[in-house]
Q: 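Structure incoming, see below.
Given the structure is predicted, the values throughout are model-derived calculations rather than measurements. As a basis for the values below, the full set of heavy atoms in this structure was taken, side chains included, without hydrogen atoms, waters or symmetry mates. Sequence lines set the chain letters: A, B, ... in the order given, protein chains first and strands last, and positions in each chain run from 1.
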Number of protein chains: 2
Amino acid sequence: MNKSENLEGKAELLKALGHSTRLLILNLIRMKPRHGEELAAILNLKPATISHHLTKLTNVGVLVAEKDQYYQVFSVNQHALKPSLSDIIHLSQQDIMPNAEVDAYREKVVKTFFKLGRLTKIPAQLKKQRIVLEKIVEEFEPEREYTEREVNIILLDFNDDVAALRRGLISQKLMTRVKGIYQRITE
Amino acid sequence: MNKSENLEGKAELLKALGHSTRLLILNLIRMKPRHGEELAAILNLKPATISHHLTKLTNVGVLVAEKDQYYQVFSVNQHALKPSLSDIIHLSQQDIMPNAEVDAYREKVVKTFFKLGRLTKIPAQLKKQRIVLEKIVEEFEPEREYTEREVNIILLDFNDDVAALRRGLISQKLMTRVKGIYQRITE
DNA sequence: ATTTTAATTCGACGCTTGTCAAATCAAAAA
DNA sequence: TTTTTGATTTGACAAGCGTCGAATTAAAAT
């Protein structure tokens, strides 16, 4: 698999391009293929420095080298420069998953508000309230119809303010109430 | 003028994108807009660190922030990600000129081989020979016809090996010789 | 064989950057 | 008003990176 197709490879490519000296080198070579000494003279840098930059640009595939007599002549690989930023930045799910514990925030909120299975406090912030109520609604079976009394009994396990919980579940559209009968919504 | 249109601006943009953590942030936000705390929990980094990265991404315009209650919710500015690498890398002549002394290599070669107006040695390498001969051929007027004797007199000012110089000028196609008459080529 | 020339490698130096803890801010909740 | 909560700033530390001089290598000219 091509290096520039995974997370680190993509970061490398963009990092290699993210330096003003290397952008200049790239443009000078784009005008016409050139060798290291020439670039060193033009940019007023030492050959060692130029070599360092050329190595980076070659490693990520935007430059290709070809021997000519003494010289190592570099030219631009247009193919590598075709994709848009969008194309390059877009990571596959496999690249994101190992680095990001996507539900970490959710779990953190749950840990904060549930102690020993009970809700210590009903979150004021909507985002957090939503997360907590989604957790609670799991106690209701889909499809099944509940009376308000049955609902209250279940909710009482979580918090004494069952009215607030009921209101939340309805307004967040996690449950419906028609004529006093409650039902869990499953989308 | 937009910042991302000059050398340093372009380098900044690419540098901002050239880091694996920031690529992950960008992808997480692309799935859906998110706020700092959430990203910190997901990526297992401290809020201060996330803030640092978000600032960089916002400064170069790939993220936009919007307040929502407590939160500062970030979303991706697709517009900024449209251009291809090629588009971004391409610098204007005004950006290149101040940094690159484009004729520096040429001048360096001339300085090396000319001492007090005379050619100390005829360069063996074609590239350098070419540069030196282009300098010498300037002594001939365009259009005008020269006999070999006239050519020799001029060349003698530069180097005793006038035969080699004549040969070089012809083979490098800087002059023509037809029936013993020499003429400078101007393209 | 010796010398020249371009390129590369290595080690060193200083500047930049990523990360965090602690302090501070700003906005909303209690 | 006082507390809570998310965001930012500051300072510190370590890791990374750009630059150079010196030594080395590779190829070609003398």
Q: Quick one: is C:dG18 close enough that its OP1 or OP2 comes under 4.0 Å of any side-chain N or O from B:Thr49?
A: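 So the side chain of B:Thr49 is outside the cut-off, no N or O lying under 4.0 Å from OP1 or OP2 of C:dG18.
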
Q: May I have the distance from A:Glu38 (atom CD) to C:dA7 (atom P), rounded to whole angstrom?
A: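 Those two atoms, CD and P, are 10 Å apart.
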
Q: Regarding A:Arg149 and A:Asn152, do their side chains bring together a donor and an acceptor under 3.5 Å, going by distance alone?
A: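 No.
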
Q: In this structure, how many angstroms lie between the C1' atom of D:dG6 and the NZ atom of B:Lys46, rounded?
A: 15 Å

Q: Side-chain N or O of A:His53 versus OP1/OP2 of D:dT19: is the shortest distance under 4.0 Å?
A: yes

Q: Thinking salt bridges, do A:Lys108 and A:Glu101 make one under a 4.0 Å N-O criterion?
A: no

Q: Among B:Asp160, B:Asp161, B:Asp157, which residue satisfies the salt bridge (Lys or Arg N to Asp or Glu O under 4.0 Å) criterion with B:Arg118?
A: B:Asp160

Q: Between A:Lys127 and B:Glu38, does at least one N-O distance fall below 4.0 Å, as a salt bridge requires?
A: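 No, no charged N to carboxylate O under 4.0 Å.
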
Q: Side-chain N or O of A:Lys56 less than 4.0 angstrom from OP1 or OP2 on D:dG18?
A: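 Indeed, a polar side-chain atom of A:Lys56 lies that close.
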
Q: Tell me the interatomic distance from A:Glu37, atom CD, to D:dA27, atom C1', rounded to whole angstroms.
A: 14 Å

Q: Taking the nucleotide of DNA chain C with the closest heavy atom to each, which residue, B:Asn44 or A:Gly36, is nearer the 5' end?
A: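 Final value for this comparison: A:Gly36.
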
Q: Under 4.0 Å between a side-chain N/O of B:Ser51 and OP1 or OP2 of D:dT8, yes or no?
A: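 It does, given that an N or O in the side chain of B:Ser51 lies less than 4.0 Å from OP1 or OP2 of D:dT8.
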
Q: For A:Lys15 and D:dG16, give me the distance from atom NZ to atom P, rounded to whole Å.
A: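 Result: 9 Å.
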
Q: Whole angstrom is fine here: how far is it from NE2 in B:His52 over to C1' in C:dG18?
A: 6 Å

Q: If you assign each of B:Phe113 and B:Leu45 to its closest nucleotide in DNA chain C, which residue comes earlier from the 5' end?
A: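 First, find each residue's nearest nucleotide; the 5'-ward one identifies B:Phe113.
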
Q: Mind running a 4.0 Å heavy-atom check of residues 117-129 of chain B against DNA chain C and sending the residues that fall below it, in number order?
A: B:Gln125, B:Lys128

Q: Ignoring backbone atoms, establish whether A:His35 has a side-chain N or O less than 4.0 Å from OP1 or OP2 of C:dA6.
A: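 For A:His35, the contact criterion (side-chain N or O under 4.0 Å from OP1 or OP2 of C:dA6) is not met.
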
Q: Looking at the side chain of A:Ala48, which of D:dA7, C:dT9, C:dT5 is the nearest nucleotide?
A: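 Selected nucleotide: C:dT9.
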
Q: Indicate, with a heavy-atom threshold strictly under 4.0 Å, whether A:Thr55 touches base, sugar-phosphate, or nothing.
A: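 Result for A:Thr55 = nothing.
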
Q: Hey, which sits more toward the 5' end of DNA chain D by its nearest nucleotide, A:Arg22 or B:Phe74?
A: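 Residue closer to the 5' terminus by nearest nucleotide: B:Phe74.
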
Q: Can you tell me the distance, in whole Å, between the CD1 atom of B:Ile50 and the P atom of C:dG18?
A: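 Answer to the nearest Å: 12 Å.
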
Q: Of the candidate nucleotides C:dT4, D:dT8, D:dT4, which contains the atom at the shortest distance from the side chain of B:Gln72?
A: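 Ranking C:dT4, D:dT8, D:dT4 by closest atom to the B:Gln72 side chain puts D:dT8 first.
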
Q: Can you check the B:Glu12 CD to C:dT17 P distance for me, whole Å?
A: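 Rounding to the nearest Å, CD of B:Glu12 and P of C:dT17 are 7 Å apart.
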
Q: Among D:dA29, D:dG6, D:dT8, which is the nearest nucleotide to the side chain of B:Tyr71?
A: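 Side chain of B:Tyr71 sits closest to D:dG6.
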
Q: Would you say the side chains of A:Tyr182 and A:Glu148 form a donor-acceptor pair under 3.5 Å?
A: yes

Q: When you look at CD of B:Glu66, are more than 12 heavy atoms from neighbouring residues, nucleotides or ligands closer to it than 6.0 Å?
A: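 12 or below, so no.
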
Q: Using a 4.5 Å cut-off on heavy atoms from C-beta on, say whether the side chain of B:Phe113 contacts that of B:Ile122.
A: no

Q: For B:Val73 and A:Lys67, take the nucleotide of DNA chain D holding the closest heavy atom to each; which residue's nucleotide lies nearer the 5' end?
A: B:Val73

Q: Hey, does A:Leu54 reach any base, or is it just sugar-phosphate, or nothing, if we go heavy atoms under 4.0 Å?
A: nothing

Q: Within this structure, what is the CD-to-P distance between B:Gln69 and D:dT5, rounded to whole angstrom?
A: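 Value for this atom pair: 14 Å.
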
Q: Is the shortest distance from a Lys or Arg side-chain nitrogen in A:Lys10 or A:Asp87 to a carboxylate oxygen in the other one below 4.0 Å?
A: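 Salt bridge absent between A:Lys10 and A:Asp87.
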
